[in-house]
There are 2 protein chains.
Amino acid sequence: MKHFSEISPAAERVVDVAEDLLQQHGYNGFSYDDVAQLIGIKKPSIHHHFSKKEELVAVVAQRYTHRFREELLRIEGQHSKAPDRLTAYAALFERTFVKNRRLCVCGMLGAEADSLPEVVVDEVQRFFKVNLGWLTSVIADGQSDALIKSQSAAEVLAEAFLCALEGSMVVGRGMRSPRGPAEVGNTFLFGVLT
Amino acid sequence: MKHFSEISPAAERVVDVAEDLLQQHGYNGFSYDDVAQLIGIKKPSIHHHFSKKEELVAVVAQRYTHRFREELLRIEGQHSKAPDRLTAYAALFERTFVKNRRLCVCGMLGAEADSLPEVVVDEVQRFFKVNLGWLTSVIADGQSDALIKSQSAAEVLAEAFLCALEGSMVVGRGMRSPRGPAEVGNTFLFGVLT
DNA sequence: GTCTATATTGTGATAGAC
DNA sequence: GTCTATCACAATATAGAC
């Protein structure tokens, strides 16, 4: 599979626009022509960079996961206590959602996963694994430090937290509500975990 | 808007199949021809029952919400304590998910809401409002009876619970994981609320 | 209620010139 | 890297016969 770091600047603009359309309309909700028109070039030029749609979307998801990992590192550098790290984590989702109720790339693709090419689902799976792994270790640390009082297994708490954040974007969009991940994350953290 | 209770048996079969396809592939992921082939008739026959796709999907969502309300009533009849009612509520989502990781109709439509006709989004919004209203009153009752210890506002707890359940289907599908709403609901209920 | 036939538009994708 | 031209097909939707 092509790697996002090895693509040209022109191809990167394609990925930028595709990411945006994906978050707003989903895999089956945008076309090569939509991407082309937003950039201001023609459809076959998109095929020049990514011959198949599944390749384009897989690269979008791949880069999205990479950037998420960079953010996780940044959070570790900026916050040392588990509750602060989890609040900052929820803020990542909130930042996406406040821009026109954009969905998480992998939340959208996760919903559609049943009718998606395998290369795409593989990337989605990787995103969730990375996030669950990180959350699990942060929560386990919080339990050791007695900053998180719930004694449920860190792994299942991590999953519930991630699900609440992903779900908040879906529900917030479906309800046309301004309420998003930050609020739901807060409820979870201060009504449940700590 | 057409009401699901006033449609013919033939039209109802169309709604049955459309609901299924919707849960598996989303609004933009199934076609009139898919519906026709699964029933064993031709595409224009579907148009005879529902001239536009948005009308068909709106009726699917409408009936889905109605059936959900019937289930909520049933839960009220079978369980009197708030935690039991919430566990039974999570089981509704689990029942959907265990069938080939099927998504909640309105969870799927909520994710896609940005590129959906307004008549459809209206129904999705109604579904979430109905569910949040019911959950809020159940949780408030549980707080009065001291069966739910969290003192956060019932409304925000309701939203977090619903988001966790909807999100669990999205994440479970994206991870190709068998873990679903029942487990996440459990974590929320016994690690957070009670 | 179902069909055949068809209009119209959009889609992912390719060939080959510049 | 971008273009024009084009293909093959699938989509929603309509007209009109049975």
Side-chain angles (χ1 to χ4, degrees), chain A residues 1-2 4-22 24-61 108-109 112 114-121, chain B residues 1-2 4-22 24-61 108-109 112 114-121:
Chain A
M1 172 59 52
K2 191 182 295 202
F4 78 92
S5 66
E6 294 161 342
I7 62 178
S8 67
E12 209 169 349
R13 258 181 302 149
V14 173
V15 175
D16 290 340
V17 171
E19 179 177 294
D20 230 72
L21 288 168
L22 199 55
Q24 299 198 256
H25 310 301
Y27 188 96
N28 293 315
F30 82 98
S31 70
Y32 267 40
D33 211 35
D34 295 332
V35 178
Q37 283 183 32
L38 277 170
I39 296 180
I41 57 178
K42 300 294 174 180
K43 198 166 48 158
S45 305
I46 312 296
H47 278 284
H48 171 74
H49 299 294
F50 301 94
S51 64
K52 296 182 131 194
K53 194 182 184 182
E54 64 185 61
E55 194 193 339
L56 167 57
V57 174
V59 169
V60 169
M108 177 64 89
L109 293 175
E112 295 178 301
D114 224 64
S115 41
L116 256 38
E118 228 184 276
V119 273
V120 174
V121 185
Chain B
M1 173 57 52
K2 192 183 291 203
F4 78 91
S5 66
E6 293 161 340
I7 62 178
S8 66
E12 209 169 350
R13 258 181 304 150
V14 173
V15 174
D16 290 340
V17 171
E19 179 178 294
D20 230 73
L21 288 167
L22 199 55
Q24 299 198 257
H25 310 301
Y27 188 95
N28 294 315
F30 83 97
S31 71
Y32 267 40
D33 210 36
D34 295 332
V35 177
Q37 283 182 33
L38 277 170
I39 297 180
I41 57 178
K42 300 294 173 180
K43 202 168 36 161
S45 306
I46 312 295
H47 278 283
H48 171 74
H49 299 295
F50 301 94
S51 63
K52 298 181 130 193
K53 193 182 186 182
E54 64 185 60
E55 194 193 338
L56 167 57
V57 174
V59 169
V60 168
M108 177 64 88
L109 293 175
E112 296 177 300
D114 223 65
S115 42
L116 257 37
E118 229 183 276
V119 274
V120 174
V121 185

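Proteins get letters first, then strands, A, B, ... in listed order; numbering begins at 1 in each.
- A close approach under 4.0 Å does occur between a side-chain nitrogen or oxygen of A/His48 and OP1 or OP2 of D/dG1.
- At a threshold of 4.0 angstrom between heavy atoms, the contacts of A/Ser31 are confined to the sugar-phosphate backbone, with no base atom among them.
- In this model, the phosphate group of D/dT14 is not approached by any side-chain N or O of B/Ser51 to a distance below 4.0 Å at OP1 or OP2.
- For A/Ile41, the side-chain atoms get nearest to D/dT2 when compared with the rest of C/dG1, C/dT11, D/dT2.
- To the nearest 0.5 Å, the span separating CD1 on B/Ile39 from NE2 on B/His49 amounts to 7.5 Å.
- Nucleotide D/dT4 holds its P atom 12 Å from the CG atom of A/Asp33, rounded to whole Å.
- Each of C/dT2, D/dG1, C/dG12 was ranked by its minimum atom distance to the side chain of A/Tyr32; first place goes to C/dG12.
- Rounded to whole Å, the distance from NE2 on B/His25 to P on D/dA11 is 12 Å.
- Residue-to-nucleotide contacts include a donor-acceptor pair under 3.5 Å from the side chain of A/Lys43 to the base of C/dG12.
- The shortest distance between the side-chain N/O atoms of B/Lys42 and the OP1/OP2 oxygens of C/dC3 is not below 4.0 Å.
- Comparing B/Pro44 and B/Ser8 along DNA chain C, the residue whose closest nucleotide (by nearest heavy atom) sits nearer the 5' end is B/Ser8.
- Note on B/Phe50: nothing from the nucleic acid sits closer than 4.0 angstrom, heavy atoms only.
- Just one residue in the list A/Val60, A/Val35, A/Val59 forms a side-chain contact (heavy atoms from CB on, under 4.5 Å) with A/Phe50, and that residue is A/Val59.
- Within 6.0 Å of NZ on B/Lys52 lie no more than 12 heavy atoms contributed by other residues, nucleotides or ligands.
- With distances taken from any side-chain atom of B/Ser45 to the nucleotides C/dA13, C/dT2, D/dA13, the minimum falls on C/dT2.
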